[in-house]
Amino acid sequence: MLANLNSPQREAVKYLDGPLLVLAGAGSGKTRVITRKIAYLVRDCGFDARHIAAITFTNKAAREMRERVGELLDSRQAKGMTISTFHSLGLSILRQEAKAIGYKPQFSVLDAADAQGILSDIIKTTDKATLRRAAALISNWKNALLTPDGAEKQAENEAEAQVARAYHSYQATLKAYQAMDFDDLIRLPVDLFRADGEARARWQGRLRYLLVDEYQDTNGAQYELMKLLAGSMGRFTAVGDDDQAIYAWRGADVENLRRLGEDYPTLKLIPLTQNYRSSRRILEAANRVIRHNSRLTDKNLWSELGHGDPIQVVDCKDDRHEAETVAVRIDAHRFQSRGRFADYAVLYRGNHQARVIEEALRAAKIPYILSGGQSFFDRAEIKDITAYLRLIANPDDDPAFIRAATTPRRGIGPSTLERLGHYAAERHASLFAALFEEGAKAALPGKQLHPLQEFGEFINRLAFSAQREPAGAVLDDLLGAIRYETWLYDSEDERAARSKWENVRDFVDWLSRKGSDEGKSLIELAQTVALMSLLEGRDEAEVDAVRLSTLHAAKGLEYPHVFLIGVEEEILPHRECLEGSRLEEERRLMYVGITRAQRGLTLTWCKRRKRGQEWLPCTPSRFLAELADGDSRRAGPELAPEDAKAAGKRRLADLKAMLGG
DNA sequence: TATGTCCTTTTTTTT
DNA sequence: AAAGGACATA
């Protein structure tokens with residue numbers, strides 16, 4: 001387990017005398033340290049896998065780690081190991097301890113959209129920006145472990161106090177729906193462990209060694225949860241890099257790095273500075289940029305890899321031209337190097353930037369995978385189906401009730417729901433419970449009540465069969481009964497309907513398989529669906545396609561050739577983040593982008609961009625100046641359209657060669 | 001009262 | 001492009 005590690009890596013794997021913080025620079029092999037350490041604990045130190053928990057930042061990272069641990073341990077040794085995100089871990093704690101905090105074990109988990117919907121009913125505003133600000137404020141409070149009362153006390157002005165009061169009723173509403181939002185998945189386990197020493201001891205006994213990845217991106221609540229689980233002995237290894245902290249806007253606090261040293265005076269610190277990923281030019285550029293930040297530690301990454309190709313900076317006419325440039329260059333380069341599409345990634349600051357790139361790649365017939373972006377589970381058709389599942393598992397889930405009752409249309413509209421809502425509020429009951437009450441007959445005219453009751457009985461029937469029949473059969477019944485396919489084709493154009501139906505089929509097949517593989521009922525599946533993503537479950541790695549990703553979503557990944565687009569003032573750094581600590585976070589984002597590249601790095605920016613109706617001139621990002629020192633070189637004359645055509649011909653020849661023609 | 005059509009607006013990053 | 005809102009229609 002200790003072979004092929006450099007000496008600080010080996011030290012990090014072996015160190016078990018107390019709490020450990022590994023300061024791992026980009027590409028310094030931190031995942032390798034974590035996975036090796038897990039295997040070392042099990043194989044060389046006699047740990048039972050059930051006593052080990054590895055905590056990652058995304059589900060995708062968790063999956064990859066599980067895979068890599070699987071290469072080091074056989075399945076018997078790895079059985080029962082916890083490898084998950086903070087949120088998934090919190091969810092499983094809460095499912096088991098629900099009763100202790102006044103929830104039933106089948107509570108629902110709301111996504112951000114549903115949670116915001118509830119909030120908007122509470123603060124009656126039409127202004128979307130206000131709503132977003134309020135939601136963000138409440139989220140920050142939750143991540144700082146502030147209760148509604150606590151928030152109200154320390155509110156700095158009347159507006160904040162108002163939001164604090166909204167926080168109060170928001171929380172009450174969630175409880176009434178037997179629902180939680182994402183932040184609750186961390187906050188509530190912390191509350192539980194603080195109040196209930198027995199539960200805390202139980203979980204500490206169960207998870208005896210913690211490994212926390214991307215530690216710099218933990219927020220106050222997550223840190224607290226980690227401490228409660230690790231106990232006073234500090235049986236953990238935290239791995240992080242302050243230069244890659246890019247989630248402050250979500251409540252993450254780099255201060256947690258410093259706090260770790262204060263809370264655990266015996267904390268051992270091991271820095272990893274040798275980079276195994278990038279060529280020297282790329283690494284030096286990254287170092288030059290990040291030097292402009294005030295930093296906890298001034299670690300300069302170094303590498304034994306060669307100089308590599310010069311970094312390219314390309315100025316483009318506009319975003320269309322930028323997209324075409326990227327497409328043409330990927331195409332030409334791949335042809336010359338006989339490489340794979342999967343060797344290229346296009347990275348950007350905001351999701352909207354992907355659209356033009358997608359168009360250009362489609363036009364050039366270059367396959368691509370959009371990662372980050374909106375997840376499979378955010379798609380309307382998937383949310384439609386999951387609304388039914390949520391409702392079957394938890395009939396008190398009002399947001400799910402509303403969505404399922406109205407899609408597809410079945411004669412239940414806004415005014416019906418409003419009447420029912422009023423009545424339910426009066427009775428302090430959920431919508432579902434209210435519609436079966438005697439009093440509902442008086443509150444609603446028969447014309448409105450009738451379709452509601454029909455719907456309610458339909459859900460009851462499904463819930464009944466979901467308890468005894470396999471998940472797949474129930475799902476097929478459901479889709480047939482609501483005639484979802486027909487409805488899709490009626491309300492969308494053919495192309496959209498087909499792709500949506502395909503997604504639904506994928507989703508349903510996947511659930512059925514999961515149901516029979518793991519012997520889970522539909523109800524059990526429905527309870528975990530909120531935190532999973534189908535795309536993350538698929539073996540994306542196999543597909544030969546260019547990757548498109550936001551900078552945030554690209555963290556932790558690496559690609560032979562990276563195109564970082566839109567390197568302009570007001571984009572990177574973002575217009576809202578032009579000074580102070582926010583600018584520093586933007587610089588770290590740039591740093592993350594640069595250090596994704598192994599061999600090739602191309603930075604592009606546009607001279608003008610369309611904002612609304614008019615063209616506005618753009619200026620290159622200040623980060624370009626920080627990075628440049630004659631190493632990077634300006635691109636030659638812009639590629640003429642003829643080159644694009646030539647590239648097309650080459651592609652054809654290439655394809656023929658591949659087919660053996 | 002439910003639903004369909006046309007119009008406006010939208011954008012930071014995500015569990 | 002796509003979602004949400006205002007207005008029109010059945």
Side-chain angles (χ1 to χ4, degrees), chain A residues 55-62 84-91 109-113 115 117 120 126-129 131-132 135-136 139 142-143 180-187 214 217-219 221-222 245-252 347-356 358-359 371-375 377-380 383 405-419 444-445 447-448 451 487 490-493 496 530-533 536 549-555 566 570-578 582 585-586 588-590 592-593 609-613:
Chain A
I55 303 173
T56 60
F57 198 63
T58 62
N59 287 313
K60 191 173 174 184
S84 69
T85 61
F86 268 111
H87 294 267
S88 308
L89 176 62
L91 180 64
V109 180
L110 303 183
D111 67 14
S120 76
T126 48
D127 181 19
K128 235 170 156 186
L131 182 62
R132 281 176 64 133
S139 177
K142 286 189 168 191
N143 289 331
M180 299 177 187
D181 64 17
F182 281 132
D183 298 324
D184 286 339
L185 298 179
I186 313 295
R187 192 182 61 99
E214 307 285 10
D217 284 324
T218 55
N219 62 39
Q222 288 166 334
I246 53 176
Y247 282 98
W249 53 272
R250 217 172 81 188
L347 308 181
Y348 36 82
R349 176 66 232 265
N351 271 314
H352 66 281
Q353 290 173 268
R355 209 170 54 222
V356 209
E358 279 190 86
E359 267 169 40
S371 56
Q374 125 246 43
S375 97
F377 275 75
D378 287 337
R379 299 194 174 172
K383 286 182 83 172
T406 54
T407 21
R409 304 258 109 102
R410 52 163 69 79
I412 299 171
S415 94
T416 305
L417 284 171
E418 206 190 323
R419 284 236 177 98
L444 291 126
K447 196 186 163 207
Q448 293 188 338
W487 181 76
D490 285 347
S491 47
E492 310 268 348
D493 67 81
L531 273 188
M532 299 185 292
S533 158
E536 286 170 1
S549 168
T550 62
L551 287 164
H552 284 89
K555 191 173 68 160
E570 314 235 307
I571 290 187
L572 184 63
H574 191 273
R575 147 160 45 78
E576 306 285 315
C577 313
L578 292 175
R582 309 188 97 195
E585 179 146 319
E586 297 295 301
R588 291 194 291 269
L589 212 41
M590 177 82 181
V592 166
R609 228 169 242 282
K610 211 166 193 175
R611 260 212 107 63
Q613 302 286 7

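The sequence lines fix the lettering, A, B, ..., with proteins before strands; numbering per chain opens at 1. Reckoned from all heavy atoms, side chains included, excluding hydrogens, waters and symmetry mates.
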Every protein N/O within reach of nucleotides 5-10 of chain C N/O, cut-off under 3.5 Å:
none

field: Intermediate values then yes/no, side chain to side chain contact (heavy atoms under 4.5 Å, CB included), Lys555(A) and Glu214(A)
entry: CA-CA 10 Å; Lys555(A) 191 173 68 160; Glu214(A) 307 285 10; 3.3 Å; yes
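- Using a 4.0 Å heavy-atom criterion, one finds that Tyr247(A) contacts the sugar-phosphate atoms exclusively.
- Residues that satisfy the side-chain hydrogen bond (donor to acceptor under 3.5 Å, both in side chains) test with Glu359(A), not counting sequence neighbours, are absent from this structure.
- Protein atom CD of Glu359(A) is 6 Å distant from nucleotide atom P of dA1(C), rounded to whole Å.
- Remark: P of dT13(B) and CG of Asp217(A) are 16 Å apart, rounded to the nearest angstrom.
- The salt bridge (charged side-chain N to carboxylate O under 4.0 Å, His left out) check on Glu586(A) picks up Arg349(A), with sequence neighbours excluded.
- At dT15(B), none of the side-chain N or O atoms of Ser88(A) fall inside 4.0 Å of OP1 or OP2 (strictly under the cut-off).
- Shown here are the side-chain hydrogen bond (donor to acceptor under 3.5 Å, both in side chains) partners of Asp183(A), two or more places apart in sequence or in another chain: Ser139(A).
- The interatomic distance linking Leu551(A) (CG) with dT11(B) (P) rounds to 20 Å, in whole Å.
- We find that CD1 of Ile571(A) is positioned 12 Å from P of dT13(B), with the value rounded to whole Å.
- In this entry the distance linking CG of Leu131(A) with C1' of dA3(C) reads 15 Å, nearest Å.
- Of the inter-residue distances, the one linking Ile55(A) atom CD1 with His87(A) atom NE2 reads 11.0 Å to the nearest 0.5 angstrom.
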- request: Please test Arg250(A) against Asn219(A) for side chain to side chain contact (heavy atoms under 4.5 Å, CB included), starting from the C-alpha separation and ending with a verdict.
  value: CA-CA 8 Å; Arg250(A) 217 172 81 188; Asn219(A) 62 39; over 6 Å; no
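- One interatomic measurement links the two molecules: CG of Leu578(A) to P of dT13(B), which rounds to 16 Å at whole-angstrom precision.
- A salt bridge does not link Glu585(A) to Arg582(A): none of the charged nitrogens lies less than 4.0 Å from a carboxylate oxygen.
- The nearest whole Å value for the distance from the OH atom in Tyr348(A) to the P atom in dT13(B) is 10 Å.
- Checking Leu417(A) against Glu585(A), the closest nucleotide of DNA chain B that is more toward the 5' end is the one next to Leu417(A).
- Set against dA2(B), dT14(B), dT15(B), the side chain of His552(A) has dT14(B) as its closest nucleotide.
- The line from CG of Leu589(A) to OG1 of Thr550(A) is 8.5 Å long, rounded to the nearest 0.5 Å.
- Computed from coordinates, the Gln353(A) CD to dT13(B) C1' distance equals 11 Å when rounded to whole Å.
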Can you check nucleotides 3-7 of chain B for protein contacts, nitrogen or oxygen pairs under 3.5 Å, and list what you find?
from, atom 1, to, atom 2, distance (Å)
dT3(B), OP1, Gly411(A), N, 3.2

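- For the residue pair Gln448(A) / Ser415(A), a side-chain donor-acceptor distance below 3.5 Å is found, with atom types taken as modelled.
- If you check every strand for non-hydrogen atoms under 4.0 Å, Arg588(A) touches nothing.
- Side-chain proximity of Asn59(A) to the nucleotides dA1(C), dT13(B), dT15(B) is greatest for dT15(B).
- When the side-chain nitrogen and oxygen atoms of Arg419(A) are compared with OP1 and OP2 of dT1(B), one or more of them lie within a distance under 4.0 Å.
- With dA1(C), dT15(B), dT14(B) as the candidates, the nucleotide lying closest to the side chain of Ala112(A) is dT15(B).
- Under 4.0 angstrom from either OP1 or OP2 of dT1(B) there lies no side-chain N or O belonging to Thr416(A).
- When the ring pair (Phe, Tyr, Trp, His ring centres under 6.0 Å) test is applied to Trp249(A), the partners found at least two apart in sequence or on another chain are Tyr247(A), His552(A).
- Residue ring and nucleobase are not stacked for Phe57(A) and dT15(B) under a centre distance beneath 5.5 angstrom and an angle between planes beneath 30°.
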